[in-house]
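FYI, the numbering just counts along the sequence from 1.
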Amino acid sequence: MGESEVKKSTKGQKMRWRWVIGAFITIVLAIALASRTTPKIPLESGDGNKICECSQDKHRHSGIVEDCCCNYETVDHVNGEVLHPLLQELVKTPFFRYFKVRLWCDCPFWPDDGMCLLRDCSVCECPESEFPDSFKPNHRILPSDDLKCQEGKPQSAVDRTIDSKVFRGWTETDNPWTYDDETDNSEMTYVNLQLNPERYTGYSGSSARRIWDAVYSENCPKYPAEELCREEKILYKLISGLHSSISVHIASDYLLDEATNLWGHNLEILYDRVLQYPNRVENLYFTFLFVLRAVTKAAEYLEQAEYDTGNPIDDLTTQSLMKQLLYNPKLQAACPLPFDEAKLWKGQRGPELKQKIQAQFKNISAVMDCVGCEKCRLWGKLQVSGLGTALKILFSVNGEENLVQTLQMQRNEVISLMNLLNRLSEHR
């Protein structure tokens with residue numbers, strides 16, 4: 001082979017390699033672009049990094065969120081960049097990890113299903129030594145060898161493993177918006193939320209339907225829009241948004257195959273229960289902004305709160321994360337007033353209407369004692385408590401200038417408020 005032929009061959013090989021490399025780069029770029037345009041809806045499934053890919057247009061909802069002061073695109077952006085990452089860290093801290101709850105309340109509206117009697121629920125108490133000394137005298141202990149405990153499925157049982165070093169007292173005060181009296185420590189227990197993620201439990205059928213029927217039909221009816229005043233619409237939207245959030249978390253961490261214990265995303269349930277109904281997605285955004293407004297309104301109070309668990313390093317981390325969230329410049333610039341509560345309760349019917357809606361929400365919180373699944377009851381009570389805390393901040397205290405002096409919150413209210421905001425932030 002001559003020298004000219006060798007050069008031609010070498011040149012041809014170089015051209016082919018350039019073509020291969022160019023094609024490879026093109027494919028990589030195409031994949032990267034596709035991943036940017038495909039909406040990602042983070043759905044909690046035991047791993048905060050797991051993401052559910054959906055074919056929905058990310059900004060199908062555009063413009064201002066109804067009854068709020070921010071648009072959908074801004075909410076998505078500031079939540080993804082600021083709120084969600086901070087909240088994920090915050091709820092893992094010792095202060096926000098534990099929730100005090102009474103899981104054995106009798107249903108005030110109909111005969112109790114009896115959680116232990118349900119095949120899909122079990123109530124097994126942890127050893128008494130795991131609880132703080134101050135809670136032991138009146139604490140109910142269900143023996144671990146109780147037959148009722150053994151017939152429940154593990155996915156519906158509440159894990160009560162706790163660290164007794166993280167408890168410090170806060171002011172105990174009642175919330176006029178909620179039914180629970182958390183000032184009574186009898187039959188109360190602390191639950192580690194990180195060990196009990198909100199997920200599928202198998203709770204369904206007539207018992208579950210009766211809960212939501214009671215919530216909507218008796219306390220939050222969906223009348224034609226022209227028959228509802230703005231305040232009544234807001235109550236409905238808050239409950240609808242919370243319902244959508246719960247449905248998303250169930251679909252995101254679903255038992256796909258019981259035989260192999262395979263968990264994953266159930267996109268069919270996600271679509272059937274939420275995505276095919278635009279108003280349910282819109283109400284989810286609304287509820288998120290409503291709770292966010294309560295947090296920002298109580299910023300000075302939350303900044304000064306004592307996040308004392310006995311571990312100075314952890315407590316400083318918690319306080320630092322709270323300040324980063326409350327006074328983040330990107331949040332303040334993008335959405336300084338998520339929701340304007342000053343527009344409500346106007347006119348002569350204002351006080352009467354507030355009492356009516358307060359009573360309706362209080363009844364809704366009482367319905368949570370009728371939930372027949374232990375883990376569902378835990379998350380139902382926590383999130384309704386968080387929503388009740390938001391209502392308390394926005395509507396039970398007049399004006400922001402005296403908020404720190406007039407607002408009183410107990411530790412459980414702050415924990416439920418921030419955990420609820422985190423739950424809602426996971427649907428960006």
Taking atom types as modelled, is there a side-chain donor on [X] or [Y] under 3.5 Å from an acceptor on the other?
{"X": "Thr74", "Y": "Asn71", "value": "yes"}
{"X": "Thr309", "Y": "Asp314", "value": "no"}
{"X": "His84", "Y": "Ser425", "value": "yes"}
{"X": "Thr93", "Y": "Glu89", "value": "no"}
{"X": "Tyr200", "Y": "His249", "value": "no"}
{"X": "Ser365", "Y": "Thr178", "value": "no"}
{"X": "Ser240", "Y": "Tyr236", "value": "no"}
{"X": "Glu198", "Y": "Gln383", "value": "yes"}

Sequence neighbours left out, what passes side-chain hydrogen bond (donor to acceptor under 3.5 Å, both in side chains) with [X]? Give chain and number order.
{"X": "Thr317", "value": "none"}
{"X": "Thr389", "value": "none"}
{"X": "Gln194", "value": "none"}
{"X": "Asp340", "value": "none"}

Under 30°, 30 to 60°, or over 60°: which ring-plane class applies to [X] and [Y], parallel, tilted or perpendicular?
{"X": "Phe395", "Y": "Phe290", "answer": "tilted"}
{"X": "His243", "Y": "Trp212", "answer": "parallel"}
{"X": "Phe96", "Y": "Tyr307", "answer": "tilted"}

Problem set entry | Leu326 side chain reached by Thr296 side chain, heavy atoms, under 4.5 Å |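 No; the side chains remain at least 4.5 Å from each other.
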Check side chain to side chain contact (heavy atoms under 4.5 Å, CB included) between [X] and all other residues, then give those that pass, not counting sequence neighbours.
{"X": "Asn266", "result": "Tyr254, Leu256, Glu268, Ile269"}
{"X": "Lys323", "result": "Glu303, Gln319"}
{"X": "Pro176", "result": "Gln358, Ser396"}
{"X": "Thr260", "result": "Asp257, Leu262"}

For this session: Given side chain to side chain contact (heavy atoms under 4.5 Å, CB included), test Leu382 with Leu193 step by step and report yes or no.
Result: CA-CA 10 Å; Leu382 180 141; Leu193 299 173; 3.5 Å; yes
Exercise. Among all residues two or more places apart in sequence or in another chain, which pass the salt bridge (charged side-chain N to carboxylate O under 4.0 Å, His left out) test with Lys330?
Worked result: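 Residues passing salt bridge (charged side-chain N to carboxylate O under 4.0 Å, His left out) with Lys330: Glu81.
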Exercise. Does Arg230 have any salt bridge (charged side-chain N to carboxylate O under 4.0 Å, His left out) partners at least two apart in sequence or in another chain, and if so, which?
Worked result: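 Arg230: salt bridge (charged side-chain N to carboxylate O under 4.0 Å, His left out) contacts with Asp67.
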Exercise. Does the pair Lys356/Glu231 count as a salt bridge with the N-to-O cut at 4.0 Å?
Worked result: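 Looking at Glu231 together with Lys356, the answer is no, because their closest N to O distance does not fall below 4.0 Å.
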Exercise. Looking at Pro108 and Asp369, what are the two nearest heavy atoms and their distance?
Worked result: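 Residues Pro108 and Asp369, closest heavy atoms: CD-CB, 4.3 Å.
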Exercise. Can the ring centres of Tyr72 and Tyr285 be said to be less than 6.0 Å apart?
Worked result: yes
Exercise. Should we count CD of Gln332 as having more than 12 external heavy atoms under 6.0 Å?
Worked result: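 Atom CD in Gln332 is packed in, count exceeds 12.
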Exercise. Considering residues at least two apart in sequence or located in another chain, which fulfil the disulfide bond (SG atoms under 2.5 Å apart) criterion with Cys68?
Worked result: none
For this session: Can you run down the disulfide (SG to SG under 2.5 Å) pairs that involve residues 242-336, sequence neighbours left out, and say none if there aren't any?
Result: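 Counting only pairs at least two positions apart or across chains, the disulfide (SG to SG under 2.5 Å) contacts touching residues 242-336 are Cys70-Cys335.
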Exercise. Under the 6.0 Å and 45° cation-pi test, does Arg97 pair with Tyr190?
Worked result: no
